[in-house]
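What follows is one structure encoded as structure tokens, with my remarks underneath.
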Amino acid sequence: MSDRQQRHQQAMQKLKSHVDDKVAAATEQRGQLLVFTGNGKGKTTAAWGTVTRALGYGYRVGVIQFIKGLWECGERERLIDDIHLDVHIMATGFTWDTQNRASDTAACLEVWLEAERLLADPDVYLVVLDEITYMLKFGYLEFETVRRAIANRPREQSVIVTGRNAHRELVDMADTVTEMQDTKHAFNAGLQARRGIDY
Ligand code: ATP
Ligand code: MG
């Protein structure tokens, strides 16, 4: 064996034992809280990717979209017929146009009830709260209400929260936090949002 091959083999062995140690140390099994935040693109797509992953094993999944208006969403179109998937959209495009705080809050609280129901159901493996950070930021929803529902969820259930400017306490209580970095975005170079890529 050449020197170079030997060095490579030693490095690989060292890496393998390091990974083995980490695998051995990860012994706890429970649902996780994941936060996908930051200004870069990829938060909602990562959430839907995980939804697809969980559905692939036949788990039950709930998705709440805290978005105003019936935005197109290719993933939702593709997965909606899956009997294990339960999707609720805040919608009410009407309120977005009117910018009516009272009706926005009412729409948010109405869909939050569905979120609470999912977060209390031990048969639901994964719950996605898409764009909920804005609801907290606008004050449509109390952070304490959300914190309590997430903290008291069934042990085996995982939750994904998406949206920019995630609440500090939410980041603190999360198991995994990914900050999408906006290194570059096509939109800023004048490119239109693209069907099947951006929505
Ligand atoms: P995606 O849904 O593509 O994963 P996202 O959830 O990370 O994006 P949002 O802030 O929810 O991002 O943005 C919703 C829309 O804005 C999407 O069409 C997305 O492609 C686009 N977008 C995301 N990040 C940026 C950015 N930094 N500049 C401009 N547009 C963006
Ligand atoms: Mg998003």
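Values reported hereafter were calculated over all heavy atoms of this structure, with side chains retained and with hydrogens, waters and symmetry mates removed.
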Would Arg117 and Asp121 count as a salt bridge (charged side-chain N to carboxylate O under 4.0 Å, His left out) here? Give the steps. CA-CA 6 Å; Arg117 187 180 56 74; Asp121 186 344; 5.1 Å; no
Arg195 and Glu72: CA distance, side-chain angles, deciding distance, salt bridge (charged side-chain N to carboxylate O under 4.0 Å, His left out) verdict: CA-CA 9 Å; Arg195 203 172 190 212; Glu72 282 190 86; 3.2 Å; yes
Please walk me through it: do Leu34 and Val159 pass side-chain contact (heavy atoms from CB on, under 4.5 Å)? CA-CA 6 Å; Leu34 304 92; Val159 175; over 6 Å; no
Should Thr178 and Thr176 be marked as a side-chain contact (heavy atoms from CB on, under 4.5 Å) after you check the CA-CA gap, both sets of side-chain angles, and the distance that decides it? CA-CA 7 Å; Thr178 302; Thr176 294; 4.2 Å; yes
Given Thr44 and Phe36, is the side-chain contact (heavy atoms from CB on, under 4.5 Å) satisfied, shown in steps? CA-CA 8 Å; Thr44 298; Phe36 300 154; over 6 Å; no
List the steps, then state whether side-chain contact (heavy atoms from CB on, under 4.5 Å) holds for Leu55 with Leu85. CA-CA 8 Å; Leu55 289 173; Leu85 177 65; 4.2 Å; yes
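For the atom pair Tyr134 OH and Phe66 CZ, the distance stands at 13.5 Å (nearest 0.5 Å). Distance check: Leu129 CG to Leu119 CG gives 5.5 Å after rounding to the nearest 0.5 Å. Rounded to the nearest 0.5 Å, atoms CG (Asp182) and CZ (Arg164) are 7.0 Å apart. Considering OG1 of Thr37 and CD of Glu179, their distance stands at 5.5 Å, rounded to 0.5 Å. We find the CG-CZ distance between Asp104 and Arg101 to be 8.5 Å, quoted to the nearest 0.5 Å. We find the CH2-CD distance between Trp112 and Glu142 to be 11.5 Å, quoted to the nearest 0.5 Å.
The heavy-atom pair separating Met135 from Cys108 by the smallest distance is SD-SG, 3.6 Å. Pro122 approaches Ala120 most closely through the heavy-atom pair CD-O, 3.3 Å. In terms of heavy atoms, Val124 sits closest to Gly62 at CG1-N, 4.0 Å. Asp198 and Ala193 get closest at one heavy-atom pair: OD2-CA, 3.3 Å. Across every non-hydrogen atom of Ala166 and Thr133, the tightest pair is CA-CG2, 3.9 Å. The two atoms that bring Gln32 and Ser158 nearest to each other are N-OG, 2.9 Å, heavy atoms only.
Around the NZ atom of Lys137, the shell of radius 6.0 Å holds no more than 12 heavy atoms that belong to other residues, nucleotides or ligands. Annotation for Asp20: atom CG counts as buried by contact number, over 12 foreign heavy atoms lying within 6.0 Å. For Gln192, the CD atom is loosely surrounded, since the number of other residues' heavy atoms within 6.0 Å does not exceed 12.
A donor-acceptor contact under 3.5 angstrom links the side chains of Asp86 and His88, judged on distance only. Judged by distance alone, the side chains of Gln157 and Arg30 never bring a donor and an acceptor atom under 3.5 Å apart.
Remark: side-chain polar atoms of Thr162 are paired, donor with acceptor, to backbone N or O of Glu131 under 3.5 angstrom. Formation of a donor-acceptor pair under 3.5 Å by the Arg194 side chain with backbone atoms of Tyr199 is not found in this model. For Thr145 (side chain) and Leu141 (main-chain N/O), no donor-acceptor pair under 3.5 Å exists by modelled atom type. Checking side-chain atoms of Arg60 against main-chain N and O of Leu126 turns up no donor-acceptor pair under 3.5 Å. A donor-acceptor distance shorter than 3.5 angstrom exists from the side chain of Gln5 to the backbone of Ser2, with no hydrogens or angles considered.
At a threshold of 4.5 Å between non-hydrogen side-chain atoms, the residues Ile64 and Ile132 do not count as touching. In this structure, the side chains of Trp71 and Ile89 stay at 4.5 Å or more apart for every pair of heavy atoms. The shortest distance between side-chain heavy atoms of Leu33 and Met173 falls below 4.5 Å.
Ion pairing between a basic and an acidic side chain is recognised when a charged N comes within 4.0 Å of a carboxylate O; Asp130 and Lys43 show no such pairing. In summary, Arg78 and Glu75 do not engage in a salt bridge, as defined by a charged side-chain N under 4.0 Å from a carboxylate O.
Applying the ring-ring contact (aromatic ring centres under 6.0 Å, His included) test to every pair with at least one member in residues 147-195, sequence neighbours left out, gives these pairs: Phe143-His167.
Residues Val171 and Val127 fall within the same hydrophobic cluster, defined by Ile, Leu, Val, Met, Phe, Trp and Tyr side chains chained together at heavy-atom separations under 4.5 Å. Linking ILVMFWY side-chain heavy atoms closer than 4.5 Å, directly or via other members, places Tyr125 and Tyr57 in a single hydrophobic cluster.
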